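Computed over heavy atoms, backbone and side chain alike; hydrogens, waters and symmetry mates excluded. In what follows, every chain begins at residue 1, and chains take the letters A, B, ... in the order their sequences are listed. Just so you know, these numbers come straight off a predicted model, no measurement behind them.
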Number of protein chains: 2
Amino acid sequence: MLPFPIELTAGAPIYEQIVEAVRRAVASGRLKEGDRFPSVRAISAELRVNPNTVQKAVTELTSLGLLEVHPGQGCYIATRSVSTVRQQREALAPLLERLVIEAAHQAVDEATLLELLRAKCRELKINLDSNS
Amino acid sequence: MLPFPIELTAGAPIYEQIVEAVRRAVASGRLKEGDRFPSVRAISAELRVNPNTVQKAVTELTSLGLLEVHPGQGCYIATRSVSTVRQQREALAPLLERLVIEAAHQAVDEATLLELLRAKCRELKINLDSNS
DNA sequence: TACGTGTATTATGTTAACTAATACACTCAG
DNA sequence: CTGAGTGTATTAGTTAACATAATACACGTA
């Protein structure tokens, strides 16, 4: 069994779904720094997907700084990299924009939207205070 | 000149960028109900893009309920369709999740995230109170 | 009648995504 | 040292999405 929940669906690339699942698991605390990450072949077998596809996800996760590769040994969840306030804003801006646009079309008022955001924060059990 | 701001970039399908631009314009009030929408051929010429690609965007915008087609005459911005609370939540859930996950990775605390959301709401000049 | 609408059709080229089958350098337990 | 398990690279082939191109048609209207 994989150490992170994932269920492949159609519509999005498989390697992207893997990346997103790992990001979700790390953000929620399901996966922690130093944790052993399953081998490419193990994930491949579990998801019944080509090893090359999993490899593509691992490569992206590594470049995202979420995974550390120990040559000949395996992968581990990396320590979080520090980012500047500018980088934070640039990463969040497009997501915020899409959310606000969708809320407008759904006629969801700002107060409700803020409450939904608070609820989602709790849902993912994010410990935001433990970081800077 | 097109009645909505748009700048084509690489990385995302052209027809999707058009859809997103129109959604943004409608959400921000730049385009309003009953407004005339440029013809497929006009947009095609303005963006120097194939008419079929624009047509694909129009088809999607129509199915999304943002555009009304008056046969032989043209397209107009449609009146907003009412959606249930359930539909609202289902539309916002994936966007909220992606936002919260990204915020966690960027080590942005909840209070800051909420403030960024308020700022983005004002930035898009959304009139959330005029709708139910 | 002409023109401008949206729409449909057929064809072609490009690119991304996925699978498949190998192969190689590395680390570590035996 | 040997062999198994790591990540990684390579080559090949298939499929689907995207975009372009060139027409064609039914519709409303000046």
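Between B:Phe4 and B:Phe37, the angle of the ring planes stays under 30°, which puts this pair in the parallel group of the 30/60° scheme.
The side chain of B:Thr59 places no N or O atom within less than 4.0 Å of a non-bridging phosphate oxygen (OP1 or OP2) of C:dG6.
Distances from the side chain of A:Ile14 to the nucleotides C:dC18, D:dC18, D:dT20 place C:dC18 closest. Distances were taken from every side-chain heavy atom of A:Asn50 (C-beta onward) to each of D:dA21, C:dA20, D:dT8; the shortest belongs to C:dA20. Distance from the side chain of A:Gln55 is smallest to D:dT8 among C:dC18, D:dT8, D:dG28. Between D:dA19, D:dG7, D:dA22, one nucleotide has an atom nearer to the side chain of B:Asn52 than all others, and that is D:dA22. Of the candidates C:dC18, C:dG6, D:dG7, C:dG6 carries the atom nearest the B:Cys75 side chain, counting heavy atoms from C-beta on.
Nearest-nucleotide positions on DNA chain C for A:Lys56 and B:Ser39 put B:Ser39 closer to the 5' end. Along DNA chain D, the nucleotide nearest to A:Gly72 and the one nearest to B:Pro71 differ in position, and the one closer to the 5' end is contacted by A:Gly72. Nucleotides of DNA chain C nearest to A:His70 and B:Phe37 differ in position, and the one nearer the 5' end is that of B:Phe37.
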**OP:** Could you check A:Ile77 against A:Lys32 for side chain to side chain contact (heavy atoms under 4.5 Å, CB included), going step by step and ending with a plain yes or no?
**Re:** CA-CA 6 Å; A:Ile77 304 299; A:Lys32 300 172 186 174; over 6 Å; no
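Applying side chain to side chain contact (heavy atoms under 4.5 Å, CB included) to B:Val69 and the options B:Thr59, B:Leu61, B:Thr62 leaves one that passes, B:Thr62. Under the side chain to side chain contact (heavy atoms under 4.5 Å, CB included) rule, A:Lys120 has a single partner from B:Leu96, B:Ile101, B:Leu99, which is B:Leu96.
Atom CD of A:Glu60 is separated from atom C1' of C:dA17 by 13 Å (rounded to the nearest Å). One atom, CD1 of B:Ile43, and another, C1' of C:dG4, lie 14 Å apart when rounded to the nearest Å.
Within 3.5 Å, a donor on the side chain of B:Arg41 pairs with an acceptor on the base of C:dG6, or the reverse.
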